[in-house]
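Notes follow once the structure below has been shown.
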Amino acid sequence: MSSAVPVGCAVAAVDVPDGTPMSGFAARSSGSTGVHDPLTVRALVIDTVALVTVDCCALHERTCASVRDDLLADGIVTEIVLHATHTHAGPCISHERLGVEAPGLRVEVERSIVDTVRSAAAARVPCTLVYAEAHGAGVARNRRHLEREIDPPVQAVGFDREGRRVATLVSYPCHPVVLDGHNTLISGDFVAPLRERIEARHPGSVCVFATGAAGDVNTGHRAESSFVGGGAGRTFAEADRVGGVLAAALSSVDPAPIDARPVGFASAGVTLDIAAESDDTVALQVEGWQREIADGTGRSALLVRWLRWARERPPSPASSWVGRVSVISCGALRIIALPGEPFLSAADRLRAGHDGPTIVLGYCDGVPGYLPDESAYALGGYEVVDAHRYYAMPGPFARGTLEAVVDVAAALLDGPTR
């Protein structure tokens, strides 16, 4: 029998009032009009390390640091990684980024994170671990190169006590953007029906889903197609189908036992250079955006966002962003937590660099924008040249940033833990 480790899990729902500003699509012009799936906070505590997921597009590093400080001061856990599932049908709770924030709701989410971690820690029981990964789901597409075939794995870690499932951690690198900007109902997108199916398979358990390195991956449409909502197939029925496909892929493979010990945690800071746009460049862009709006365009709502970004730029923009990379280890298993929106190549490289099961997460401990790989810069596109405005950043991240983040993560894979 594989070794056991204390594991606890808890989930809580946070009420989202109608009219709450939503996040994910710069062209969305109204607040929420209801709730299709509740906004949930899910905490998985492995020994004394917590992984928390929130059904939102992004969490600001200030939020992550504040919550982490509160929990570490309690002494309930020794480390915590905070992850945003990146649903584009969630509320805006990321300070100045990705829309107009609902600050009261963000505070409620922060409180819920603390309470949910406490509940998960109190519920810890000895668990053994099983691991499964499935290929061939046929869901993920490289949205910048739709002609290219990709087949990232759907990965799952099951935490079992005496044959009964306590929790399941599932990860897949794909933007939860089946629903587009015309949707105004709060939803987890395909993540919600996926979790429901996993939990139905294991009654009484909690499924925690964390999105992988999905910066250039979605279900098959270019990012620019979301500048104007109303795309074909961007429906709740399709989100349910996609969630079902991913759950079925996992059910088609037999999980294998893995050792749970030793449990470890390692992290390192990263400083990411920003290629801030010059005042002259921004002035020329503003003129072009204003002309396009005056001439009549379907992109008006988007361009209004860009103009607001230009007006609110600080006089001395930041030249770098500071965050962190973390690795949770359970025996040979590695769960790598990267900030921002890393491209899929990050996961490919990190998985190739470790012999054991390796799950690479994006959207952890702060989401300041896209982290494209070097090859993406020549092509340009939304992720490279436009998205920083919605993120309220002074410019895109410099070429080579993703590779630097991966280097830091790779150094942590087999290094000392604490």
Side-chain contact, heavy-atom cut-off 4.5 Å: [X] with [Y]?
X: Pro176; Y: Thr211; value: yes
X: Leu272; Y: Leu371; value: yes
X: Leu333; Y: Val157; value: yes
X: Phe25; Y: Val177; value: yes
X: Leu169; Y: Phe159; value: yes
X: Leu361; Y: Leu338; value: no
X: Asn183; Y: Phe236; value: yes
X: Arg165; Y: Arg201; value: no

Check Arg143 with Asp216, please: is the shortest side-chain N to carboxylate O separation under 4.0 Å?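 Looking at Arg143 together with Asp216, the answer is no, because their closest N to O distance does not fall below 4.0 Å.
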Test: Asp386 and Arg389 ion pair at under 4.0 Å: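 Yes, this pair counts.
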Glu199 and Arg195: CA distance, side-chain angles, deciding distance, salt bridge (charged side-chain N to carboxylate O under 4.0 Å, His left out) verdict: CA-CA 6 Å; Glu199 290 173 348; Arg195 291 185 307 216; 5.9 Å; no
Evaluate Glu61 against Arg97 for salt bridge (charged side-chain N to carboxylate O under 4.0 Å, His left out), listing each step before the verdict. CA-CA 11 Å; Glu61 57 274 12; Arg97 295 180 189 150; 2.7 Å; yes
Tell me whether Asp69 at atom CG has more than 12 heavy atoms from other residues, nucleotides or ligands lying less than 6.0 Å away.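 More than 12 heavy atoms, drawn from other residues, nucleotides or ligands, come within 6.0 Å of this atom.
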Decide if atom CG of Asp151 counts as having more than 12 heavy atoms of other residues, nucleotides or ligands within a radius under 6.0 Å.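 Enclosed: over 12 neighbouring heavy atoms sit under 6.0 Å from CG of Asp151.
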Return the minimal non-hydrogen interatomic distance between [X] and [Y], and the atom names on each side.
X: Ala137; Y: Ala249; result: CB-CB, 4.3 Å
X: Asp189; Y: Pro193; result: O-CD, 3.1 Å
X: Leu72; Y: Glu79; result: CD2-N, 3.8 Å
X: Val245; Y: Val139; result: CG1-CG2, 3.8 Å
X: Phe265; Y: Ser329; result: N-OG, 4.4 Å
X: Gly366; Y: Cys64; result: N-SG, 3.7 Å

Output, in order, the C-alpha distance, side-chain angles, deciding distance and verdict of salt bridge (charged side-chain N to carboxylate O under 4.0 Å, His left out) for Arg313 and Glu277. CA-CA 10 Å; Arg313 289 175 71 242; Glu277 296 190 84; over 6 Å; no
Please walk me through it: do Arg305 and Glu312 pass salt bridge (charged side-chain N to carboxylate O under 4.0 Å, His left out)? CA-CA 11 Å; Arg305 293 273 191 181; Glu312 296 178 354; over 6 Å; no
Ring of Trp289, cation from Arg291 - is the NZ or CZ under 6.0 Å from the centre and inside 45° of the axis?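 Output no; distance or angle outside limits.
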Among Val7, Val49, Val81, Val52, whose side-chain contact (heavy atoms from CB on, under 4.5 Å) with Leu44 holds?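 So the option named by the test is Val7.
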Can you tell me which residue among Thr53, Leu59, Val117, Leu51 is in a side-chain contact (heavy atoms from CB on, under 4.5 Å) with Leu82?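 Among Thr53, Leu59, Val117, Leu51, the one that satisfies the side-chain contact (heavy atoms from CB on, under 4.5 Å) with Leu82 is Leu59.
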State, without any angle test, whether [X] and [Y] hold a side-chain donor-acceptor pair at a distance under 3.5 Å.
X: Ser66; Y: Glu110; answer: no
X: His60; Y: Arg106; answer: no
X: His95; Y: Arg62; answer: yes

Ignoring hydrogens and angles, tell me if any N or O in the side chain of Arg42 forms a donor-acceptor pair with the backbone of Val11 under 3.5 Å.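 No, the answer is negative, given that no donor and acceptor are paired below the 3.5 Å cut-off.
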Is there a donor-acceptor contact under 3.5 Å from the side chain of Arg28 to the main chain of His88?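 Yes; judged by distance alone, with no hydrogens or angles, the pair exists.
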Residues Tyr363, Glu341; criterion side-chain hydrogen bond (donor to acceptor under 3.5 Å, both in side chains); working and verdict: CA-CA 6 Å; Tyr363 313 95; Glu341 299 201 51; 3.1 Å; yes
Evaluate the criterion side-chain contact (heavy atoms from CB on, under 4.5 Å) for residue pair Val217 and Cys174; output intermediate values, then yes/no. CA-CA 5 Å; Val217 181; Cys174 184; 4.3 Å; yes
Approximate separation, where rounding is to 0.5 Å, of Ser345 OG and Ile150 CD1: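 Answer rounded to 0.5 Å: 11.0 Å.
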Show your reasoning for whether side-chain contact (heavy atoms from CB on, under 4.5 Å) applies to Val100 and Arg308. CA-CA 11 Å; Val100 178; Arg308 176 183 172 184; 3.1 Å; yes
Take the angle between the ring planes of Tyr391 and Tyr370 and call it parallel below 30°, perpendicular above 60°, tilted in between.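 Answer is perpendicular, since the angle exceeds 60°.
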Phe209 vs Phe190 aromatic rings, parallel, tilted or perpendicular, using cut-offs 30° and 60°?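 The rings of Phe209 and Phe190 stand perpendicular, inter-plane angle above 60°.
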Starting from the C-alpha separation in whole Å, work towards a yes-or-no answer on side-chain hydrogen bond (donor to acceptor under 3.5 Å, both in side chains) for Arg299 and Thr297. CA-CA 5 Å; Arg299 302 199 312 157; Thr297 174; 4.6 Å; no
Yes or no on side-chain contact (heavy atoms from CB on, under 4.5 Å) for Ser94 and Cys92, after CA distance, side-chain angles and deciding distance? CA-CA 6 Å; Ser94 49; Cys92 185; 4.1 Å; yes
